[in-house]
Amino acid sequence: VIHACHRRNRRRDSVVRILADDEFNGCHFGRCGVITMNINAELAKKFLECRALPSKKMDQLLALPSLDNKRIDLEIIEQNLVSDEMIARVYAEFFGMRYEDINLISINPEIVSLVTQDFVDKYAIIPLNERDGSLLVALSDPFDYEGIMRVQSIDNPKIELIVSTKKKISAIKNLVFSRSSTVEAIS
């Protein structure tokens with residue numbers, strides 16, 4: 001597991017500071033707690049700006065002792081307080097990325113097959129097509145540094161990341177890979 005600390009600069013580029021599990025678990029509470037609290041404060045602000053939760057509920061969440069070492073978005077997901085769509089929209093805002101409904105994007109099965117079904121299942125990241133010379137890749141969790149690094153190893157110099165939901169990514173995966181299995185079976 002990798003924990004990411006996000007900061008955004010004025011050009012809206014994402015900069016991610018990574019703490020490996022051993023560094024995260026073995027560090028002094030003050031440093032890790034501060035990192036988690038900073039992320040939680042920024043995420044809480046985005047959830048409020050997006051009107052995903054009322055401020056009273058957000059205050060209750062922020063007061064939870066479990067959030068000392070846990071991101072607030074994970075607690076929100078665990079408690080099923082907002083829709084997957086809203087989580088994706090908040091992530092997009094937080095990371096300065098675009099949220100897109102990938103059901104409306106033209107999908108190139110050859111591009112999707114640059115990764116395996118297992119990869120999509122594990123990371124909820126899927127390449128969709130090419131757009132303006134870049135590989136268009138949808139992901140559900142921009143905090144998943146390992147998955148992002150793995151998709152960047154695909155032989156394409158430019159990658160455009162967009163945020164979507166796990167359900168929509170899984171639906172595209174099922175559609176594309178079931179078609180290719182059917183074609184193979186017919187051949």
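In this structure, the side chain of S113 engages the main chain of P109 through a donor-acceptor pair within 3.5 Å.
Not counting sequence neighbours, the partners of E160 by the side chain to side chain donor-acceptor pair (under 3.5 Å) test are R98, R131. Qualifying side-chain contact (heavy atoms from CB on, under 4.5 Å) partners for E85, counting only residues two or more places apart in sequence or in other chains: S83, R89, Y99, T165, K168. Under the rule for a side-chain contact (heavy atoms from CB on, under 4.5 Å), the partners of L62 that lie at least two apart in sequence or sit in another chain are N40, A44, M58, I72. With sequence neighbours excluded, the residues satisfying side-chain contact (heavy atoms from CB on, under 4.5 Å) with L64 are L61, S66, L67, E75, Q79. With sequence neighbours left out, D73 forms a side chain to side chain donor-acceptor pair (under 3.5 Å) with R71, Y91. Applying the ring pair (Phe, Tyr, Trp, His ring centres under 6.0 Å) rule to Y123 yields the partners F119; only residues at least two apart in sequence or on another chain are considered. Partners of K158 by salt bridge (Lys or Arg N to Asp or Glu O under 4.0 Å), not counting sequence neighbours: none found. For Q152, the side-chain contact (heavy atoms from CB on, under 4.5 Å) criterion is met by I148, M149, I159, not counting sequence neighbours.
Rounding to the nearest 0.5 Å gives a distance of 10.0 Å between CG of D144 and CZ of R150. To the nearest 0.5 Å, atoms CE (M86) and SG (C50) are separated by 6.5 Å. Between the CD1 atom of I125 and the OG atom of S140 there is a distance of 7.5 Å, given to the nearest 0.5 Å.
Applying the salt bridge (charged side-chain N to carboxylate O under 4.0 Å, His left out) test to every pair with at least one member in residues 112-130, sequence neighbours left out, gives these pairs: D121-K173. Each ring-ring contact (aromatic ring centres under 6.0 Å, His included) pair with one or both residues in residues 38-88, not counting sequence neighbours, would appear here, but there are none. Within the structure, the salt bridge (charged side-chain N to carboxylate O under 4.0 Å, His left out) test picks out the following pairs touching residues 47-64 (sequence neighbours left out): K46-E49.
Contact of the I105 side chain with the L136 side chain is registered, since non-hydrogen atoms from C-beta on lie closer than 4.5 Å. At least one side-chain heavy atom of P142 sits under 4.5 Å from a side-chain heavy atom of V163. Residues I107 and N129 have side chains not in contact (no heavy-atom distance under 4.5 Å, counting atoms from C-beta outward). Looking at V137 and I162, their side chains never come closer than 4.5 Å, going by heavy atoms from C-beta outward. Looking at P127 and V115, their side chains come closer than 4.5 Å, going by heavy atoms from C-beta outward. Here the side chains of I169 and V120 are in contact, with some heavy-atom distance below 4.5 Å.
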TODO: Verify side chain to side chain contact (heavy atoms under 4.5 Å, CB included) between L43 and F143, making sure each step is shown before the conclusion.
DONE: CA-CA 12 Å; L43 278 168; F143 281 103; 4.0 Å; yes
TODO: Would you please test S164 and E100 for side chain to side chain contact (heavy atoms under 4.5 Å, CB included) and show each step?
DONE: CA-CA 6 Å; S164 190; E100 289 193 37; over 6 Å; no
TODO: Start with the C-alpha gap between L135 and I111, add the side-chain angles, then the distance that decides, and say whether side chain to side chain contact (heavy atoms under 4.5 Å, CB included) holds.
DONE: CA-CA 8 Å; L135 182 65; I111 298 290; 3.4 Å; yes
TODO: Please assess V90 against I76 for the test side chain to side chain contact (heavy atoms under 4.5 Å, CB included), listing each intermediate value before the final yes or no.
DONE: CA-CA 12 Å; V90 169; I76 289 169; over 6 Å; no
